[in-house]
Asks: 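If you scroll down you'll find the structure; I have some questions about it.
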There are 2 protein chains.
Amino acid sequence: MPSSAAPLRPRRRDFDETRVRILGAARNLVAERGPESLSIAEVARRAGIDRTTAYKHFRTRDDLVGAVMGSLGDEIGTMLERPMGFGDLIDHMARFFIEHPEIGRLTLHHLLAENPFPRAGWDRFVGQLERLANSSRSQEHIDAEALGHIMMAIAVLWPIQLRALEGDIEPAAAAERLAREIKRLLLFGVLRPESWPDLVDSIAGERSE
Amino acid sequence: MPSSAAPLRPRRRDFDETRVRILGAARNLVAERGPESLSIAEVARRAGIDRTTAYKHFRTRDDLVGAVMGSLGDEIGTMLERPMGFGDLIDHMARFFIEHPEIGRLTLHHLLAENPFPRAGWDRFVGQLERLANSSRSQEHIDAEALGHIMMAIAVLWPIQLRALEGDIEPAAAAERLAREIKRLLLFGVLRPESWPDLVDSIAGERSE
DNA sequence: CGTAAAGTCAACATAACTGTTGATTTTCTT
DNA sequence: AAGAAAATCAACAGTTATGTTGACTTTACG
């Protein structure tokens, strides 16, 4: 046999690796400045390659933007799909977004572009919360979808707010603080209900839908 | 007297109003696409004025971006400074961000640009929460600053997530749902603590700092 | 050592935006 | 009707980006 079965494709100067480098630079740029202001020229500069090389991997600017945003879906999906206990999920989300702020930034840009979360991952996530909400281990009348929005909002935005307010942060400590506050909130809330009869009344009334 | 006291400045074709129109168009554009991709050319097109007119109001693109972001600080400050009860504050925030999604979007872009909230407004807001946290009407060990981040994250991001998932929404209903879920969360949390001994343990241990 | 893939380089045509300038027109006040 | 502020218009020079093309160089496999 002239060419063996396994490595059918010879890779002279690893085409795929170059593609990955381009995507990486592009992802950082989108995370920093948003998809609208991504330019292939700048990406090539950052990746340290020639502009025309980039064009051999992505025919247009929009292709590149699409590839970046697509990879985001995978990443968030992977994070959410790992099956585990609820406490672990919170720890995991907190660590994930603190350690990968660029993914949180990408997510925000994604939402700002009026795109919903990738359906599959989001549905799985909300499904998990729904099971929790219907179990005897949670309070009554929990709106699972709303809870999903809330958890996502906190997880994605907190690291960015923190960085904006305090500059560089110590990841491990920040992740712990974030996870702790989410847990405290979910377990006990913030207010003593007996001191807020009006508030309690105002949500006790009707079912939401 | 040739020129009387009160209206010293004659306004032929209301300079100030034109400025406001420019700022409005610019704000919408920044809210949509982010500060990086604001162009004076596009702003002028949207405001229905000549490009050079815009340059008479704002010498450079960056001046315009600065003016837009500056106005954001005022707006959020005004919203937060209105003194009132906690329940009203939640209702007010929910309504505000549902009814003015562009301000939420601006806020996100502001945070993504690594800028902290305008100090004055933010400090007042956190101060309010701190007083609450130290009162007997709240649970113990509440981290007021963390709570501020959380509330802001929810209020700003929820409307955007909702729009992304469901397209157009009915503002009044959406605001009510948002306020209700925040209140429920703050009052009761989500989980029944007695069913989550591990979680309770994991946050009971040390003080955060 | 030859060959082909992977990448570089220089150049070109288009397009959009930035600021700036000077002449002109519109609009309002007095 | 005069005069001046506010706005328009046309033009210019400079920058940066988009895609595309063809010739060239580097790298590594067999």
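Since the structure is predicted, the reported quantities are computational estimates derived from the model, not experimental observations. Numbered from 1 within each chain, the chains take letters A, B, ... in sequence-line order.
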Asks: Nearest-nucleotide wise, let me know which of B:Arg59 and B:Lys56 is further upstream toward the 5' end of DNA chain C.
Replies: B:Arg59

Asks: What is the distance from CD1 of B:Ile22 to P of D:dA6, rounded to the nearest Å?
Replies: 13 Å

Asks: Can you tell me how the ring of A:Phe117 sits relative to the ring of A:Trp122, calling it parallel under 30°, perpendicular over 60° and tilted otherwise?
Replies: parallel

Asks: For residues 39-54 of chain B, which residues have at least one heavy atom under 4.0 Å from DNA chain D?
Replies: B:Ile49, B:Asp50, B:Arg51, B:Thr52, B:Thr53

Asks: With no hydrogens and no angle check, is any side-chain donor or acceptor of A:Arg46 less than 3.5 Å from a backbone partner on A:Ala25?
Replies: no

Asks: Just how far, in rounded Å, is C1' of D:dA7 from CG of B:Asp14?
Replies: 13 Å

Asks: Can you tell me how far P of C:dC17 sits from CZ of B:Arg61, to the nearest Å?
Replies: 12 Å

Asks: Output the rounded distance in Å from CG (A:Leu38) to P (D:dT16).
Replies: 17 Å

Asks: Between atom CZ in A:Phe15 and atom C1' in D:dA28, what is the gap in whole Å?
Replies: 17 Å

Asks: In this structure, how many angstroms lie between the C1' atom of C:dG7 and the CD atom of A:Glu17, rounded?
Replies: 13 Å

Asks: Is B:Arg184 paired with B:Glu181 through a side-chain N to carboxylate O contact shorter than 4.0 Å?
Replies: yes

Asks: Once you round it to whole Å, what is the distance between C1' of C:dC9 and OH of A:Tyr55?
Replies: 16 Å

Asks: Do the side chains of B:Glu75 and B:Arg27 get close enough for a salt bridge, i.e. N-O under 4.0 angstrom?
Replies: yes

Asks: Report yes if a side-chain nitrogen or oxygen of B:His57 is closer than 4.0 Å to either non-bridging phosphate oxygen (OP1 or OP2) of D:dA6; otherwise report no.
Replies: no

Asks: Check this for me: A:Glu17, atom CD, are more than 12 non-hydrogen atoms of other residues, nucleotides or ligands nearer than 6.0 Å?
Replies: no

Asks: For the pair made of CD in A:Glu36 and C1' in C:dC17, what is the distance, rounded to whole Å?
Replies: 16 Å

Asks: Before accepting this row, confirm whether a basic side-chain N of the pair A:Glu102/A:Arg105 lies closer than 4.0 Å to the acidic partner's carboxylate O.
Replies: no

